[in-house]
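For this chain, numbers begin at 1 and follow the sequence in order. What you see is a predicted model; the values in this text were computed from it and never measured. Order of appearance sets the numbers: ligands from 1, and atoms from 1 within every ligand.
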Amino acid sequence: MPLALGKDVLNKARREGYAVPSFNTNNLEITQAILETAEALRAPVFIQVSDGARKYAGLENLANLVRDMASRVSVPVVLHLDHGADYKMVLQALRAGFTSVMIDASHHPFEENVHETKKCVEAAHAVGVSVEAELGRLQGIEDNIVVEAKDAFLTDPDEAARFVEETGIDYLAIAIGTSHGAYKGKGRPYIDHARLEQIAQKVSIPLVLHGSSGVPQWLKDKMKATGADLGDPTGIHDEDVRRAIPNGIAKINIDTDLRLAFTAGIREVVMGNPKEFDPRKILGKGREYLKQVIREKFELMGTVGRA
Ligand code: G3H
Ligand code: 13P
Ligand code: ZN
């Protein structure tokens with residue numbers, strides 16, 4: 001199928017009470033794992049390209065790869081720009097054929113965030129592309145940060161309503177306690193569900209959760225078994241993800257879990273077979289574990305059978 005439009009996929013998800021995972025890609029194997037699993041489970045999906053991915057593989061290369069491969073699957077696939085840094089980056093993505101873009105001006109003061117976001121909305125909507133923007137800031141929130149300081153980073157429900165109204169965005173990324181990476185705080189990472197409920201009451205467009213990897217035990221075990229030294233990583237609990245979906249979270253970003261899965265497979269072959277030097281055998285195992293973790297995400301988010 002041709003690429004799907006972000007807002008069509010997410011409006012349906014919020015309306016019907018499930019979420020769509022947005023997976024980061026960097027290469028052929030990750031893209032294959034995402035698309036083959038989505039097709040097998042009849043699940044809509046977002047594939048997103050970060051700044052790091054753009055520098056590693058090239059924006060056009062990844063856009064062409066995803067678009068071409070998506071044309072041969074029969075489920076909706078949205079090609080999304082993850083954390084677009086500025087207007088120029090958003091224009092580049094529009095030219096490359098993305099069907100969804102994120103402008104992340106969340107580190108600027110409110111009015112500047114509105115100004116930058118509005119400019120991107122005008123450009124994207126002129127060519128029919130959907131826009132995500134962020135309000136609030138994701139942090140590595142630790143147990144010893146006092147409550148007021150924690151709150152300062154999190155999305156304010158009234159500001160969220162104003163931001164959506166003033167910018168005309170299609171979906172809103174919010175900060176409710178998650179952070180990027182494999183170390184999301186000690187014990188059970190802090191998620192402000194009460195705040196999410198308040199935001200969902202005031203904002204009717206789909207909400208987006210970043211930093212949503214779970215760092216599953218089976219992947220930690222595989223990494224450890226092959227000698228990886230990761231310390232004590234912690235992700236978002238499945239139960240917290242499940243609880244967030246009925247409160248408007250319709251797009252859930254996952255990168256770290258894919259990195260762990262791909263690397264675990266590669267390590268297993270390399271460490272266990274010192275004579276192996278066929279990259280297809282090595283990367284192939286990584287792709288197999290990717291498919292397994294991607295399947296778990298679709299099942300967790302209620303996306304299976306929605307296409
Ligand atoms: O949001 C961050 C993603 O994990 C992508 O990170 O720019 O290193 O690819 P990256
Ligand atoms: P994780 O690092 O938790 O996978 O989050 C990815 C993300 O938010 C990309 O935008
Ligand atoms: Zn993110």
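Looking at D255, L258, L138, it is D255 that brings a heavy atom closest to atom 4 (O) of ligand 1. Comparing heavy-atom distances from atom 3 (O) of ligand 2 across H80, H210, K184, R259 singles out K184 as nearest. Among R259, K55, R54, the residue whose heavy atom lies closest to atom 8 (O) of ligand 1 is R259.
If you number the atoms of ligand 2 from 1 as listed, the ones under 4.0 Å from a heavy atom of H83 come out as 10 (O). Heavy-atom contacts of N24 reach the following atoms of ligand 2: 9 (C) (cutoff under 4.0 Å). Short contacts between ligand 2 and G211, defined as distances under 4.0 Å to a heavy atom of the residue, involve ligand atoms 1 (P), 3 (O), 5 (O), 7 (C), 8 (O). Ligand-side atoms of ligand 2 in range of I254: 4 (O), range being under 4.0 angstrom from any heavy atom. Within the listing of ligand 2, atoms 2 (O) sit less than 4.0 angstrom from a heavy atom of G181. Under a 4.0 Å criterion applied to the non-hydrogen atoms of Q48, ligand 2 contributes the atoms 9 (C), 10 (O). Of all the atoms in ligand 2, the ones that sit under 4.0 Å from a non-hydrogen atom of D255 are 1 (P), 4 (O), 6 (C).
Distance from atom 7 (C) of ligand 2 to its nearest protein heavy atom, with residue and atom name: H180 CD2, 3.3 Å. Of all protein heavy atoms, the one lying nearest to atom 2 (C) of ligand 1 is H180 CD2, 4.0 Å. Nearest protein heavy-atom contact of atom 9 (C) of ligand 2 is D82 OD2, 3.3 Å. Protein heavy atom at the shortest distance from atom 2 (O) of ligand 2 is T256 OG1, 2.7 Å. Distance from atom 7 (O) of ligand 1 to its nearest protein heavy atom, with residue and atom name: G52 N, 3.0 Å. The protein heavy atom nearest to atom 9 (O) of ligand 1 is S50 OG, 2.6 Å.
The proximity of S212 to ligand 2, defined as any non-hydrogen pair under 4.0 Å, is limited to the backbone. Only the side chain of D82 comes within 4.0 Å of ligand 1, counting heavy atoms alone; its backbone N, CA, C and O stay farther away. Proximity of H83 to ligand 1, defined as any heavy-atom pair under 4.0 Å, is confined to the side chain (atoms from C-beta onward).
E239 CD: 12 or fewer foreign heavy atoms inside a 6.0 Å radius.
Side-chain contact annotation: D240 with H193, donor-acceptor N/O pair under 3.5 Å present. Side-chain N/O atoms of S22 and Q48 include a donor and acceptor closer than 3.5 Å. In the model, K251 has a side-chain atom that pairs as donor or acceptor with a side-chain atom of N253 under 3.5 Å. At a cut-off of 3.5 Å, with distance as the only test, a side-chain donor of D170 or H125 sits close to an acceptor on the other residue. Using modelled atom types and a 3.5 Å distance limit, the side chains of E132 and S100 yield no donor-acceptor pair. Side-chain contact, T31 with T25: a donor N or O sits under 3.5 Å from an acceptor N or O. Looking only at atom types and distance, the side chain of R42 has a donor-acceptor partner in the side chain of S74 under 3.5 Å away.
The shell of residues lying under 4.0 angstrom from ligand 2, judged by heavy atoms, excludes M102.
Within the 4.5 Å cutoff, the side chain of T234 has no heavy atoms near those of the V215 side chain. Looking at L283 and F262, their side chains come closer than 4.5 Å, going by heavy atoms from C-beta outward. Between V78 and I47 the shortest side-chain heavy-atom distance does not fall below 4.5 Å.
One finds the OH atom of Y56 at 10.0 Å from the CG atom of L62 (value rounded to the nearest 0.5 Å).
Between D257 and ligand 2, no pair of N/O atoms sits closer than 3.5 Å. Geometrically, ligand 1 and N24 share no nitrogen or oxygen pair separated by less than 3.5 Å.
Nearest N/O/S atom of H180 relative to the Zn ion (ligand 3): this is NE2.
Between Y18 and F298, the distance from one ring center to the other does not fall under 6.0 angstrom. For H115 and H108, the ring centers are positioned 6.0 Å apart or more.
Between the ND1 atom of H210 and the NE2 atom of H83, the angle taken at the Zn ion (ligand 3) works out to 90° after rounding to 10°.
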